[in-house]
Every structure is written in structure tokens, then in C-alpha cells.
Colleague: 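Take this structure, written in C-alpha cells, and hold onto it; I'll ask about it next.
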Amino acid sequence: MSHDAHRVPITFRHLVSAGSLNASNPLRVISLVDVDAAYAQFEASRLGVDSSVVPLAVQQWNGLIAISYAARKFGITRHETVESAKEKCPEIRLVHVATYAEGAQRAEYNEDPSPTTHKVSLDPYRRESRKIVAIFDEMCPLGAVEKASIDELYCDLTLAVRQVILQRFPELARPPANSPLGLDTPLPPPPKIDWTDLGYRVPTEGAHQESAEGDDAKDAQEADKQASRQEELQESVREEIAADTFKTAAINSSPPLVQQAASWTDYALACGAELILKIRQEVMDRLGYTMSAGIAPNKTLAKLSAGMKKPNCQTILVPGAIHAYLKDLPFQKIRFLGGKLGDAIAKEWERSTVGDLWSVTLAELQEKVGDESKWVYDVLRGIDHTPVIERTANKTMLASKNVKPPIRTLQEAQRWISILSLELCVRLKEAREESPNIWPSTMVLRYLKAGETARSRQSSFPFVRDLKPESVAVVAERLWGEAVGEQMSSGKQLSEIIVIALGFSGLEAGEQGQRSIEGFFTSKAAASNAKVPALAAASPPIPQTISSKRERALEGETMEGKGEDGRSPSPLGVVNGTIGEPSAKKIKKVKASGLQSLFQKAAEVTSPLQPEAAQPSVAQDASLDSVSPAPLTEEAPSMPSWTCPECQAKILPRAHVGEPGRAEEGEDSDRRLAQAKQDHEDWHFAVNLQKEHSAALQPRGSLGPSASQAPASQRSASQKGGGGKGSKDKKANKNAIQNFFKKGG
DNA sequence: AATTTATAG
DNA sequence: CTCTATAAATT
């Protein structure tokens with residue numbers, strides 16, 4: 001499937017236009033990075049052992065929740081019991097997660113915690129996670145960093161890559177002066193790429209490739225077949241460990257591998273790989289953790305790629321490799337197809353690989369999966385426009401406990417509530433170190449009675465600068481009382497509560513927190529309680545509604561409404577502010593799952609420029625221009641000229657030239673002015689991009705092996721203890737930069 | 001505000 | 001697939 005011929009040429013606009021900064025840009029570069037066996041590495045580090053060599057597992061009660069790669073070689077897997085693991089590897093180092101004990105002020109590594117008295121704590125891992133995220137934030141100043149989980153994050157490297165390309169090829173900032181197509185002039189042929197050290201490349205079709213890295217993953221997998229020959233296995237594994245072990249695959253040197261880039265897309269991905277390599281090295285240097293990464297044109301493919309070579313490897317998936325790779329991939333490995341949706345599809349068509357489903361039409365898909373169909377259809381073809389959302393802070397935090405034995409009395413309830421309250425308190429406090437103004441608008445108490453379904457009770461939660469566990473507990477107990485209190489208050493114990501959870505939601509970085517906070521006080525002012533208003537008077541005057549409705553609306557439009565796409569963003573969060581979405585809804589909705597929004601909105605955006613998979617894409621860069629609504633809304637439609645706020649240049653409507661396939665019935669000088677403005681802004685964009693100094697990604701000599709690390713001096717700024725403030729400023733600055741680019745200057 | 005659903009280690 | 005966490009839709 002050599003569809004190169006069909007592919008739309010990559011133009012200057014794609015490289016240089018702020019307006020082209022959308023999910024369809026062929027130079028889009030996304031990465032998913034995850035910490036290898038995260039908890040195991042974290043614990044190993046804490047204990048001063050090398051988790052790549054020492055078989056180690058993290059245990060939670062009697063189960064294992066993380067297995068070091070060294071331990072995996074013994075065939076030990078997640079969800080295995082401690083006993084079973086010891087059988088497979090008698091010398092395995094087992095570490096129990098930290099726990100909160102009654103009366104303690106914080107989670108600790110207790111000797112032998114019991115589920116009857118302790119509560120598991122993942123706090124230490126969240127802390128490490130934050131450190132890692134901070135490094136990414138620091139080193140990806142131009143792109144969004146989205147924390148996907150405690151050990152995974154996405155980053156959008158598109159801008160950083162553009163910057164690198166423009167630094168290396170300054171002449172690309174402007175199309176040739178005499179080019180009639182202007183920004184729509186195709187870029188010159190792409191340069192060569194030195195793949196040395198950039199990671200494993202998923203083989204492109206036809207061409208048999210060698211891995212630039214070791215074959216660690218293969219070795220790692222190899223031992224996974226256990227059964228009766230456990231002894232031999234242990235033996236062989238030991239030898240293996242003694243012999244070589246963990247090559248620092250991504251860092252080792254391999255014979256130079258220089259190739260002509262198949263396209264600028266490939267070159268861009270290679271640049272992304274350089275960046276990720278450096279960040280991974282930085283994380284290794286500062287924190288000592290290995291990570292695996294995928295570098296690809298979108299989130300789905302980046303995630304798949306990251307899983308291909310582990311641990312400590314990064315994988316690059318270029319367009320030319322997508323088709324062959326997806327063809328035989330079990331489709332249920334695709335993100336979000338691993339659950340019920342995937343099962344439903346598998347059952348309906350009795351297929352298992354992505355390629356198997358290529359023959360299913362969109363219409364057929366719609367019949368069975370309704371609103372998700374477009375997303376599914378696209379993702380099966382390697383297309384995924386979901387944006388990387390700048391988000392490193394959580395919106396909710398929940399501390400839950402499966403209580404054994406079940407709670408039967410108020411005293412027992414209070415005991416667990418105090419522990420859960422403490423944990424929430426600790427976590428909120430730590431979250432505030434990063435976002436000082438963050439506070440939860442709501443507190444939620446969830447509980448599960450034996451044999452029933454979960455229930456919950458919630459109420460608004462007041463802002464308190466110096467939050468104490470007791471304060472949290474007061475609210476929690478009130479909720480408890482409302483929920484089940486009466487039944488057991490008088491000592492008569494009824495229902496058995498087997499799960500109790502306490503959480504915060506509506507966690508918002510008070511950007512303009514002041515206002516919000518004031519609003520809270522003024523609206524509920526009443527409670528004349530000085531410092532700890534509502535809390536002191538726990539029961540009666542708790543504010544009913546902090547109604548963050550306006551804030552949500554605001555968030556939806558301000559932040560996400562823009563998306564990366566200028567017109568139809570598909571943020572994970574926002575579902576309502578859908579743009580024009582008339583048709584999509586009518587189809588029967590078999591699933592009605594929470595994925596719909598995500599899918600359908602992402603799908604909405606057609607992606608003619610998508611370099612991915614079998615897309616016989618059709619040309620129409622035109623959309624890029626229509627993407628700039630800004631000038632139209634902010635200026636009088638009839639305005640014959642526009643003055644650049646940046647340089648005061650007076651811009652006149654663009655002359656009639658170029659714009660193939662776009663020759664509408666002219667007359668709209670407005671449109672041409674908008675174009676001219678866009679071009680002008682693009683120019684600023686390019687210039688600024690060239691000026692900007694990327695701390696992380698320094699251009700390395702044309703083709704040589706990765707050049708020296710960016711001098712620490714250049715990026716030092718923050719990082720030290722007082723990280724709180726520093727990282728905040730950093731983030732603000734970053735947002736400013738991003739906004740600048742999004743608005744086109 | 002309450003409840004349910006989906007997903008993922 | 002023990003438990004824990006998160007996001008979001010529905011009502």
C-alpha cells in the first residue's frame with residue numbers, strides 16, 4: 001500500500017502556520033511515555049537497589065501490583081499472590097506499599113500492615129510521578145503535557161519539532177519569494193535522518209529494517225512461558241541476568257543508520273524521538289528511572305508504539321509503517337477498545353485484528369456502535385485526532401477502602417473516616433504545593449453495602465487555606481450521618497458496609513482563584529465563622545451549592561473550546577459545547593457509553609491531511625484558512641486593512657493568487673484580508689519559533705549522534721526545592737506561549 | 001446531587 | 001482481575 005502518491009504534499013504552511021497547528025497537520029508529533037514497572041522502580045530506588053537486576057515486586061496485602069522487569073523474567077505477573085511469586089523466585093524482594101495506620105500522621109512503610117487496620121497509600125508514587133511530570137513540563141515548554149495516569153503521560157511535540165526544523169533549516173521559514181503558491185508551496189525534499197540512537201522503528205512496509213536498539217523486549221517476553229519447567233526457567237534466567245541484563249538500549253551506540261527521510265513527517269517524528277530521548281535521559285539522570293515511549297502522529301499510535309519495546313526503549317511509528325503494523329494487531333489492544341466496546345465489536349463481526357475490520361463499512365459500524373462509529377472507523381485506520389490536553393493536576397481525588405471486616409458501628413465508621421480524611425488532607429496539601437490555589441468544590445462519600453450497589457452522598461466543600469484532617473472528617477461524618485447514620489446511630493447495627501470512600505471533586509486550580517474564593521464567601525458569607533467557616537458549624541449552614549456551573553462553562557470555552565484545531569476540538573472533557581453536530585446523534589445508540597463524546601467529536605474533524613494509514617486523502621488545505629475566525633469576529637467585516645498589533649504593519653487583503661481548488665466566487669475581500677492577516681501572523685509565528693530557545697532540544701549537528709545535552713544553565717531556573725512557585729510560573733509562561741501560537745500572535 | 005458506567009493498571 | 005483510581009454520562 002504505497003499511497004505516497006496519494007498523499008497531499010507537505011507545504012510551508014504546515015510547517016510555519018499557526019493556523020495549521022491542528023490535529024490534522026501532517027507534521028503532528030505526539031508521544032506517550034510511561035515509566036517501566038513504575039511502582040517497582042520507585043520502591044527499588046527508595047531502597048537503593050537496581051530494579052533492572054533485582055527481582056522485586058510491590059505488594060498490596062497479599063497481591064502484587066507491580067513487578068520489576070527482572071522479576072518478570074521469572075514469569076511473575078501482576079495480580080499474582082505473594083506465595084506464588086515466591087515459588088517462582090524464592091529470592092524475590094517484596095515490598096509492601098506504604099500504609100496509613102490509625103493515629104498516624106502520614107502513610108508509612110509499616111512492618112506488616114493488615115487490611116483490617118491499615119489503609120493502602122499510593123502517595124509516595126504520586127510524588128515521584130509529579131517529579132517526572134515536572135521534568136517534562138520543563139523540557140516541553142512549547143507543547144501540552146497531559147498526565148494520563150500515575151505513570152503515563154502524553155506530550156504534544158509538534159511545536160518543539162517545528163522549532164527544531166526551522167532552526168536547522170532557516171530557509172524553510174518562508175517559501176521562495178517567487179513561488180506563486182505562497183505558503184501552499186510544497187516543502188523541498190526532506191533531508192536524511194540519522195536514526196542512530198533514536199529508538200526502535202516499526203518496520204515500514206516492504207523494507208526490512210534492523211532495530212537501532214537491542215532486542216531486550218524479546219528477551220523479556222521469552223521467559224513468560226512457565227508451567228512445569230519452573231526450575232530450568234529460574235536457572236536460565238539467572239544466567240541471563242548475570243550475563244548481560246539491561247542494556248540501556250536507547251543510549252547504547254549502534255552503527256550509524258542514515259537514511260533519506262521518506263517525508264517531512266518522518267523527519268518530524270525523528271525530531272520528536274530526539275526530544276524524547278533527551279527527556280528520558282534527563283529523567284534517568286535526575287531521578288534514575290527508566291521509561292518507555294512511543295513517538296507517532298497521534299495519541300493512539302503513540303500509546304501502541306510505547307508498548308512495543310519495553311523496558312527502557314522508545315519506538316517510532318512513521319506513516320509508512322502504520323498499515324502493516326495495524327493489519328495484524330488485535331484491535332482490542334487499541335486504547336478504549338479494550339473493554340465492552342471492543343467486545344461488542346468482536347462479537348458482532350467475529351474478527352480479532354484491525355485488518356479484519358477494514359472491510360466493515362462506516363455504515364455497518366454505525367448500526368452497531370452508534371456514535372462511536374466514526375471514531376472507531378478512523379482509529380482502525382490509524383487516525384486519531386484527540387488532542388493532548390495540558391493537564392498535570394487531577395480534577396478529583398478519592399481515597400477508598402475495602403473494609404474488612406465490614407463496618408457495623410458508628411465507631412468503626414469514624415475510624416475509617418478519620419484515616420480517609422487524613423489521606424485526603426495530605427494529598428490536597430501536596431497538590432497545593434504545585435497549584436497553591438487549588439481547592440475542591442465538592443466532597444463525596446461513597447459506600448457500598450453488601451449485596452447492593454454503590455451509593456454516594458456529597459456536598460459542597462468550603463475553601464480552607466490550612467486544611468486539617470479533622471475538618472475534612474467533620475464534613476465526611478455529616479455525609480455519613482445523612483447516608484447511613486440513622487440506621488446505626490443508636491448502636492443498632494444494620495447493613496454491612498464493605499467499601500467506604502471519601503473524595504474531593506471539582507478540584508480547580510484557582511487561576512483567578514481569588515475571585516472564586518471570594519465568591520464562595522460572599523455568597524455563603526453568612527457563616528460568620530472566621531477561619532474555618534462552614535466547617536466549624538459543620539451541620540447546619542453548609543453551603544448548598546457552590547455551583548461551579550459558570551466555571552465549567554468558562555472552562556469549556558476558554559480552555560478547551562479552542563482545542564488544537566481552531567474549530568472542532570475534541571477534548572476529553574468537554575462534550576456539550578459541541579460545535580455543529582447535527583447528524584451524528586440520530587443513529588441508534590446501542591452503547592451509550594462515556595466514550596461517545598470523545599469519539600464522535602474527534603471523528604468530526606475530517607482529516608484530509610492525515611498522513612496516516614490508507615487515507616487516499618484529498619487535497620484541501622483550504623480548511624486551514626477558514627480556521628481563522630479570529631479576525632472576523634474581532635474586526636469589522638468590512639475593514640479593508642488590518643494593523644498588526646505586533647509590528648504595526650498595515651496589512652491589506654491578499655491578492656488573487658494561488659489557492660488551488662479554492663477559487664470561490666470572489667468578492668470577499670474580507671476573506672482575502674483574513675488570509676493576508678493569517679500569512680502575516682504566520683510570519684511572526686515562524687520568526688518567534690526561530691527565536692525561541694528550546695532548553696531541551698538543541699539542534700544537533702546535521703547528522704551526528706545526539707549532540708551534547710543542553711547546558712543545564714539554560715534550563716536551570718527552577719527545579720530546586722521550592723519547586724512550587726517555580727513550576728507554577730513555568731506553567732503560566734507556557735500557557736502564554738501556547739496561547740500566543742494558538743492565536744497566531 | 002446521586003448514581004451508574006467505562007476504562008485501566 | 002482481590003484493589004484503587006479517574007473521568008464522565010445519566011437521571
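Proteins come first, then strands; the chains are lettered A, B, ... in the order of their sequence lines, and each starts at number 1.
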Colleague: Let me know the distance between CD of Glu146(A) and C1' of dT6(C), rounded to the nearest Å.
Modeller: 12 Å
Colleague: Could you work out which one of dC3(C), dA8(C), dA5(C) sits closest to the side chain of Trp61(A)?
Modeller: dC3(C)
Colleague: Where the side chain of Arg78(A) is concerned, which of dT7(B), dT6(C), dG9(B) is the nearest nucleotide?
Modeller: dG9(B)
Colleague: Is a salt bridge present between Glu128(A) and Lys131(A), judged by a nitrogen-to-oxygen distance below 4.0 Å?
Modeller: yes
Colleague: Using the side-chain heavy atoms of Ser456(A), tell me which of these nucleotides is nearest: dA7(C), dA5(C), dT3(B).
Modeller: dT3(B)
Colleague: Hey, is Asp123(A) close enough to Arg126(A) for a salt bridge, meaning N to O under 4.0 Å?
Modeller: yes
Colleague: Under 4.0 angstrom, heavy atoms only, what part of the nucleic acid is Lys404(A) near: base, sugar-phosphate, or nothing?
Modeller: nothing
Colleague: Taking only residues two or more places apart in sequence, or in another chain, which ones meet Phe331(A) in a ring pair (Phe, Tyr, Trp, His ring centres under 6.0 Å)?
Modeller: none
Colleague: Quick one: is Arg427(A) getting a side-chain N or O under 4.0 Å of the dT6(C) phosphate, OP1 or OP2?
Modeller: yes
Colleague: Could you tell me the separation between the CG atom of Leu64(A) and the P atom of dG9(B), rounded to a whole number of Å?
Modeller: 18 Å
Colleague: Starting the side chain at C-beta, find the nucleotide from dA7(C), dC3(C), dT7(B) nearest to Gln60(A).
Modeller: dC3(C)
Colleague: Mind checking side-chain contact (heavy atoms from CB on, under 4.5 Å) for Ser456(A) and listing every partner two or more places apart, or none if nothing turns up?
Modeller: Val444(A), Arg446(A)
Colleague: Between dA7(C), dA5(C), dT7(B), which nucleotide gets closest to the side-chain atoms of Phe336(A)?
Modeller: dT7(B)
Colleague: Between Leu448(A) (CG) and dA2(B) (C1'), how many Å, whole number?
Modeller: 15 Å
Colleague: What's the CZ-C1' distance between Arg457(A) and dT3(B), to the nearest Å?
Modeller: 12 Å
